*Asks:* 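Structure provided below as structure tokens; questions to follow.
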Amino acid sequence: MKKLNNFMNFDFVKWQTGKKFMIQGVRYNEKKLCVTLDVVIVEDKTDYGDATVTNLFEKFKVHCIKDTSIDDVNKYKPQDTIRFTNIGKCTVWGDYNSNLSVEAIIEVIKS
């Protein structure tokens, strides 16, 4: 079957609970026409129902949907700690559905 992932719902708000996020990389995305961040999970206190499971130091993409100018890249730098203020589309993808891509509005909380 095709496009089954269009019917899966990812609850980012619930998933981000217990996590802290840090920017690892910043670039302007010519395809999406916005700033794209490589974000790393630097703290993960989420209860996955198995104490051996963690997403600590896992990386995912964030497309900053309000930052549409190439100059907006200068708003962010590696090692900035961020929080999500508004979440748009979340896509779980990959052969094992182990990758995450998020469209969001973020705020730098610590430089």
Side-chain angles (χ1 to χ4, degrees):
M1 287 190 245
K2 297 173 178 71
K3 298 287 186 176
L4 290 177
N5 63 340
N6 288 346
F7 299 94
M8 294 188 323
N9 184 27
F10 182 77
D11 186 348
F12 186 89
V13 174
K14 184 177 178 182
W15 176 80
Q16 76 174 338
T17 302
K19 293 179 180 65
K20 289 187 181 175
F21 305 98
M22 181 183 290
I23 297 172
Q24 185 180 44
V26 182
R27 67 182 174 87
Y28 186 75
N29 187 321
E30 294 286 341
K31 184 177 176 184
K32 292 205 175 261
L33 301 175
C34 67
V35 174
T36 295
L37 307 174
D38 292 323
V39 173
V40 176
I41 301 167
V42 292
E43 183 177 294
D44 187 4
K45 296 180 180 179
T46 304
D47 181 3
Y48 296 99
D50 179 347
T52 64
V53 174
T54 182
N55 281 309
L56 189 63
F57 304 123
E58 293 291 340
K59 185 169 69 169
F60 63 100
K61 297 269 187 228
V62 176
H63 304 289
C64 300
I65 54 179
K66 288 262 181 159
D67 296 323
T68 58
S69 167
I70 196 162
D71 294 331
D72 289 332
V73 168
N74 299 322
K75 292 181 183 179
Y76 309 104
K77 58 185 178 296
Q79 298 184 12
D80 282 348
T81 303
I82 61 168
R83 72 180 176 109
F84 294 84
T85 60
N86 197 332
I87 305 300
K89 180 180 177 185
C90 295
T91 305
V92 176
W93 58 279
D95 290 340
Y96 300 102
N97 288 327
S98 60
N99 296 304
L100 177 63
S101 179
V102 179
E103 293 179 358
I105 299 171
I106 66 161
E107 176 181 31
V108 174
I109 55 175
K110 183 178 174 188
S111 292

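Keep in mind it's a predicted model, so treat the numbers as computed, not measured. Atom set for the values below is all heavy atoms of this structure, side chains included, hydrogens, waters and symmetry mates excluded.
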*Asks:* Tell me whether V42 shares a hydrophobic cluster with F12, the cluster being built from Ile, Leu, Val, Met, Phe, Trp, Tyr side chains joined at under 4.5 Å.
*Replies:*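 Different clusters: V42 never reaches F12 through Ile, Leu, Val, Met, Phe, Trp or Tyr contacts under 4.5 Å.
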
*Asks:* Search all heavy atoms of Y28 against all heavy atoms of S69 and return the closest pair with its distance.
*Replies:*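 Minimum heavy-atom separation between Y28 and S69: CE1-C, 3.6 Å.
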
*Asks:* For the hydrophobic clusters of this structure (ILVMFWY residues joined by side-chain heavy atoms under 4.5 Å, transitively), does one cluster hold both V35 and M22?
*Replies:*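 Cluster IDs for V35 and M22 differ.
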
*Asks:* Considering only distance and modelled atom types, tabulate donor-acceptor pairs under 3.5 Å from the side chains of residues 47-56, sequence neighbours left out.
*Replies:*
{"unit_1": "D47", "atom_1": "OD1", "unit_2": "G49", "atom_2": "N", "d": "2.8"}
{"unit_1": "Y48", "atom_1": "OH", "unit_2": "K19", "atom_2": "NZ", "d": "3.0"}
{"unit_1": "Y48", "atom_1": "OH", "unit_2": "D44", "atom_2": "OD1", "d": "3.4"}
{"unit_1": "Y48", "atom_1": "OH", "unit_2": "D44", "atom_2": "OD2", "d": "2.9"}
{"unit_1": "Y48", "atom_1": "OH", "unit_2": "N55", "atom_2": "ND2", "d": "2.9"}
{"unit_1": "D50", "atom_1": "OD1", "unit_2": "T52", "atom_2": "N", "d": "3.0"}
{"unit_1": "D50", "atom_1": "OD1", "unit_2": "T52", "atom_2": "OG1", "d": "2.7"}
{"unit_1": "D50", "atom_1": "OD2", "unit_2": "T52", "atom_2": "OG1", "d": "3.3"}
{"unit_1": "T54", "atom_1": "OG1", "unit_2": "L56", "atom_2": "N", "d": "3.1"}

*Asks:* Taking the side chain from T46 and the backbone from T17, do they hold a donor-acceptor pair closer than 3.5 Å?
*Replies:*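 Pair found, side chain donor or acceptor close to backbone of T17.
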
*Asks:* Counting only N and O atoms by type, is there a donor-acceptor contact under 3.5 Å from the side chain of T68 to the main-chain atoms of L33?
*Replies:*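 A pair under 3.5 Å: no.
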
*Asks:* Kindly work out whether a path of hydrophobic side-chain contacts (I/L/V/M/F/W/Y, heavy atoms less than 4.5 Å apart) joins F60 to V108.
*Replies:*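 Result: yes, single cluster for both.
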
*Asks:* State, yes or no, whether a side-chain contact exists between K61 and D38 at a heavy-atom distance under 4.5 Å.
*Replies:*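 Yes, side chains in contact.
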
*Asks:* Among residues two or more places apart or on two chains, list those pairs meeting salt bridge (Lys or Arg N to Asp or Glu O under 4.0 Å) that have a residue in residues 89-101.
*Replies:*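 Residue pairs with at least one partner in residues 89-101: there are none.
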
*Asks:* According to a 4.5 Å side-chain heavy-atom criterion applied to Ile, Leu, Val, Met, Phe, Trp and Tyr, with indirect links allowed, do V62 and I23 form part of one hydrophobic cluster?
*Replies:*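 Yes, V62 connects to I23 through the hydrophobic network.
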
*Asks:* Below 4.5 Å, heavy atoms only, C-beta onward: do W15 and L100 meet side chain to side chain?
*Replies:*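 In contact.
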
*Asks:* Sequence neighbours left out, what passes side chain to side chain donor-acceptor pair (under 3.5 Å) with E43? Give chain and number order.
*Replies:*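 Testing E43 for side chain to side chain donor-acceptor pair (under 3.5 Å), a comparison that skips the adjacent residues, returns none.
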
*Asks:* Within a strict 4.5 Å, meaning less than it, do heavy atoms of the V102 and C90 side chains meet?
*Replies:*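 Counting from C-beta outward, V102 and C90 do come under 4.5 Å.
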
*Asks:* To check you understand the geometry: which heavy-atom pair defines the closest contact between C64 and C34, and what is its length?
*Replies:*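 Looks like O-CB, 3.4 Å.
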
*Asks:* Using the rule that two of Ile, Leu, Val, Met, Phe, Trp, Tyr join whenever any of their side-chain heavy atoms come within less than 4.5 Å, decide whether I82 and I65 are in one cluster.
*Replies:*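 Cluster IDs for I82 and I65 differ.
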
*Asks:* Please report the shortest heavy-atom distance between V73 and R27, naming the atom on each side.
*Replies:*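 Of all heavy-atom pairs spanning V73 and R27, the closest is CG2-C, 3.9 Å.
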
*Asks:* Rounded to the nearest 0.5 Å, what's the gap from NE2 on H63 to OG1 on T91? Could you check?
*Replies:*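 H63 atom NE2 to T91 atom OG1 measures 7.5 Å (nearest 0.5 Å).
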
*Asks:* Are the side chains of V26 and D80 in touch, meaning some heavy atoms are under 4.5 Å apart?
*Replies:*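 No; the side chains remain at least 4.5 Å from each other.
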
